[in-house]
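Notes follow the structure.
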2 protein chains.
Amino acid sequence: MDYKFRCDCPFTSAIDILGDKWMLVIVKQMLVEGKETFKDFTESEEAIATNVLTIKLKLLEELGLISKSKLPHNKKTNIYRLTAKGLELTPILVELAAWSDHNLRDMHPTLQKGKGIDLLRADKEAFTRTLVTSYQQKLGIKNDGPNE
Amino acid sequence: MDYKFRCDCPFTSAIDILGDKWMLVIVKQMLVEGKETFKDFTESEEAIATNVLTIKLKLLEELGLISKSKLPHNKKTNIYRLTAKGLELTPILVELAAWSDHNLRDMHPTLQKGKGIDLLRADKEAFTRTLVTSYQQKLGIKNDGPNE
DNA sequence: GTAATTACTTTCAAAATGCAAGTAATTAAT
DNA sequence: ATTAATTACTTGCATTTTGAAAGTAATTAC
């Protein structure tokens, strides 16, 4: 797992890891859409191809951004979850969404509106905290609660 | 100029535009390294290929993120500058750099340190404002000052 | 035991990127 | 005024990344 970086610039090095069509989209699907299994991802609106999904999940795991595990009584289904390191991507995602909201609407008239966007506009940091804590809470429920 | 978006998600739509190896790197080179001409970009450490550079500069201009102009007494050299819309990408870049600083150092030991990073750590918003205002100030000097 | 589900892998096509060389217009040098 | 250098590209081709479709092995449900 020796990733090649173009140079020593912190901006560029993040883009070396995250600058493609899928890495951050997968993280978003986990964070805001609660996706956890391979199947969940293939069924999403964004419809990532399974070969690419396999590669990207592997990479995200190698980078320590997500973890891969199984539930107690299911030997088949893999459960993918964001690690603390992965959750630190949330502010990046929030800034991307804010930028879309401000700059893409004329080019993309059907871009989502609603409660989420309103909170994002009102208070970016609060929006970020909400995403992170609600994700952590869901995990807590799943790990501590009665096993499915 | 009808860009294709995968869906109506604001996160994903930003990634549709910015999610590649070069778009944000070019913006960074303008914002923090003061690059303005085609030649400037080809001479950078990141060494973008000229064919790709041409395509990306065109796209950034079509999207209204950069402007293309010439200096009064030079019919050859094109000057590329960030627009207000392009400057709004700064918070995204800052979050990317902060994430690199926090999460990439073990994987990438030669990642930059120094004054810039210290300010970034101390106060992300101040760092963002500094980048934006110093870029705008440089433009002001170039546009209002004595012509070269 | 059979069928469905899940997490992949494989194959091949298409698109993005990388590298090297070439070109046209402009500017600088003699 | 002619030649050389510079700038902003374009072109051609190899490589890498991504996309679409089909196939497979292990597990689970009926």
Side-chain angles (χ1 to χ4, degrees), chain A residues 2-7 12 15-27 29-30 34-63 66-81 147-148, chain B residues 2-7 12 15-27 29-30 34-63 66-81 147-148:
Chain A
D2 44 291
Y3 205 88
K4 288 279 159 269
F5 293 95
R6 278 176 276 191
C7 59
T12 303
I15 294 164
D16 281 333
I17 300 281
L18 305 169
D20 74 354
K21 256 189 98 166
W22 291 112
M23 293 289 277
L24 286 173
V25 170
I26 291 171
V27 171
Q29 291 181 349
M30 300 173 83
K35 299 200 183 301
E36 297 199 302
T37 67
F38 195 91
K39 189 165 180 264
D40 287 342
F41 294 112
T42 63
E43 282 172 348
S44 74
E45 196 182 4
E46 285 108 348
I48 184 167
T50 57
N51 53 349
V52 178
L53 179 56
T54 301
I55 290 165
K56 296 300 175 183
L57 286 174
K58 225 162 257 171
L59 181 56
L60 284 166
E61 197 195 350
E62 280 178 359
L63 292 166
I66 68 174
S67 67
K68 181 178 178 175
S69 59
K70 301 217 192 260
L71 292 176
H73 296 301
N74 187 327
K75 292 180 186 169
K76 185 162 57 165
T77 307
N78 290 321
I79 306 291
Y80 298 95
R81 288 189 178 142
N147 285 340
E148 299 94 283
Chain B
D2 44 291
Y3 205 88
K4 288 279 160 269
F5 293 96
R6 276 178 275 190
C7 59
T12 304
I15 294 164
D16 281 334
I17 300 281
L18 305 170
D20 74 354
K21 253 189 99 165
W22 292 112
M23 294 289 277
L24 285 173
V25 169
I26 291 171
V27 171
Q29 291 181 348
M30 300 175 82
K35 299 200 182 300
E36 296 200 301
T37 68
F38 196 89
K39 190 164 179 269
D40 287 341
F41 294 112
T42 63
E43 282 171 347
S44 75
E45 196 183 3
E46 285 110 352
I48 184 168
T50 57
N51 53 349
V52 178
L53 179 56
T54 302
I55 289 166
K56 297 301 176 183
L57 286 173
K58 226 163 253 167
L59 181 55
L60 283 165
E61 196 194 352
E62 280 178 1
L63 292 166
I66 67 174
S67 67
K68 181 178 179 175
S69 60
K70 299 216 192 262
L71 292 176
H73 297 300
N74 186 328
K75 291 178 185 170
K76 185 164 56 164
T77 307
N78 289 323
I79 305 291
Y80 298 96
R81 287 189 178 142
N147 284 340
E148 303 93 282

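Remember, it's a predicted structure, so these values are computed and weren't measured experimentally. The figures here come from the full heavy-atom set of this structure, side chains too, leaving out hydrogens, waters and symmetry mates. Below, read A as the first sequence line, B as the second, and so on, with proteins coming before strands; counting in each chain starts at 1.
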Candidate pair A:Asp40 and A:Thr37, rule side chain to side chain donor-acceptor pair (under 3.5 Å), full reasoning
CA-CA 5 Å; A:Asp40 287 342; A:Thr37 67; 3.2 Å; yes
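Taking atom CD1 of A:Ile55 as the reference point, atom P of C:dA7 lies 17 Å away to the nearest angstrom. Atom-to-atom, NZ of B:Lys39 to P of D:dA8 comes out at 9 Å; the value is rounded to the nearest Å. For B:Ile48 and C:dG18, the CD1 to C1' distance is 11 Å, given to the nearest whole Å. Atom CD of A:Glu43 and atom C1' of C:dT6 are 11 Å apart (whole Å). Between the NZ atom of B:Lys58 and the P atom of D:dA8 there is a distance of 13 Å, rounded to whole Å. Between B:Asn51 atom CG and D:dC9 atom P there is a gap of 13 Å when expressed in whole angstrom units. Whole-Å rounding puts the A:Ile15 CD1 to C:dT17 P distance at 13 Å. We find that CG of B:Asn78 is positioned 11 Å from P of D:dT10, with the value rounded to whole Å.
In this structure, A:Tyr80 reaches the sugar-phosphate backbone alone: every heavy-atom distance under 4.0 Å involves primed, P, OP1 or OP2 atoms, never a base. Within the 4.0 angstrom heavy-atom criterion, no nucleotide atom of any strand lies near B:Thr42. No engagement by A:Lys70 is indicated, since no non-hydrogen atom pair under 4.0 Å with the nucleic acid exists.
One donor-acceptor pair, N or O on each side, does fall under 3.5 Å between the base of C:dT9 and the side chain of A:Thr50.
Using N1 to N3 plus N6-O4 or O6-N4 for Watson-Crick, or N1-O2 and O6-N3 for G-U wobble, each under 3.5 Å, C:dA7 pairs with D:dT24.
Under the salt bridge (charged side-chain N to carboxylate O under 4.0 Å, His left out) criterion, A:Lys35 pairs with no residue at all, not counting sequence neighbours. For B:Ile55, there are no side chain to side chain contact (heavy atoms under 4.5 Å, CB included) partners two or more places apart in sequence or in a different chain. Considering only residues two or more places apart in sequence or on other chains, A:Lys39 meets the salt bridge (charged side-chain N to carboxylate O under 4.0 Å, His left out) condition with A:Glu43.
Inter-residue side-chain proximity for B:Phe38 and B:Asn78 is flagged as unmet; no heavy-atom pair is nearer than 4.5 Å. Residues A:Ile79 and A:Arg81 are in side-chain contact: their nearest non-hydrogen atoms beyond the backbone lie under 4.5 Å apart.
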Exercise answer: donor-acceptor pairs, residues 18-25 of chain B side-chain atoms, under 3.5 Å, sequence neighbours excluded:
unit_1	atom_1	unit_2	atom_2	d
B:Asp20	OD1	B:Trp22	N	3.0
B:Asp20	OD1	B:Met23	N	2.9
B:Asp20	OD2	B:Lys56	NZ	2.6

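Note: B:Glu36 CD to B:Leu71 CG = 7.5 Å, rounded to the nearest 0.5 Å. The OG1 atom of A:Thr12 sits 6.0 Å away from the CZ atom of A:Arg6 when rounded to the nearest 0.5 Å.
Using a 4.0 Å cut-off on heavy atoms, the residues of residues 16-26 of chain B that approach DNA chain C are B:Asp20, B:Lys21, B:Trp22, listed by number.
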Between protein and nucleic acid, restricted to nucleotides 25-30 of chain D and to nitrogen or oxygen atoms under 3.5 Å apart, what atom pairs and distances do you find?
unit_1	atom_1	unit_2	atom_2	d
D:dT27	O2	A:Lys76	NZ	3.2
D:dT28	OP1	A:Asn74	OD1	3.4
D:dT28	OP1	A:Lys75	N	2.3

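Where A:Arg6 and A:Thr54 each meet DNA chain C at their nearest nucleotide, the meeting point lying more 5' is that of A:Thr54.
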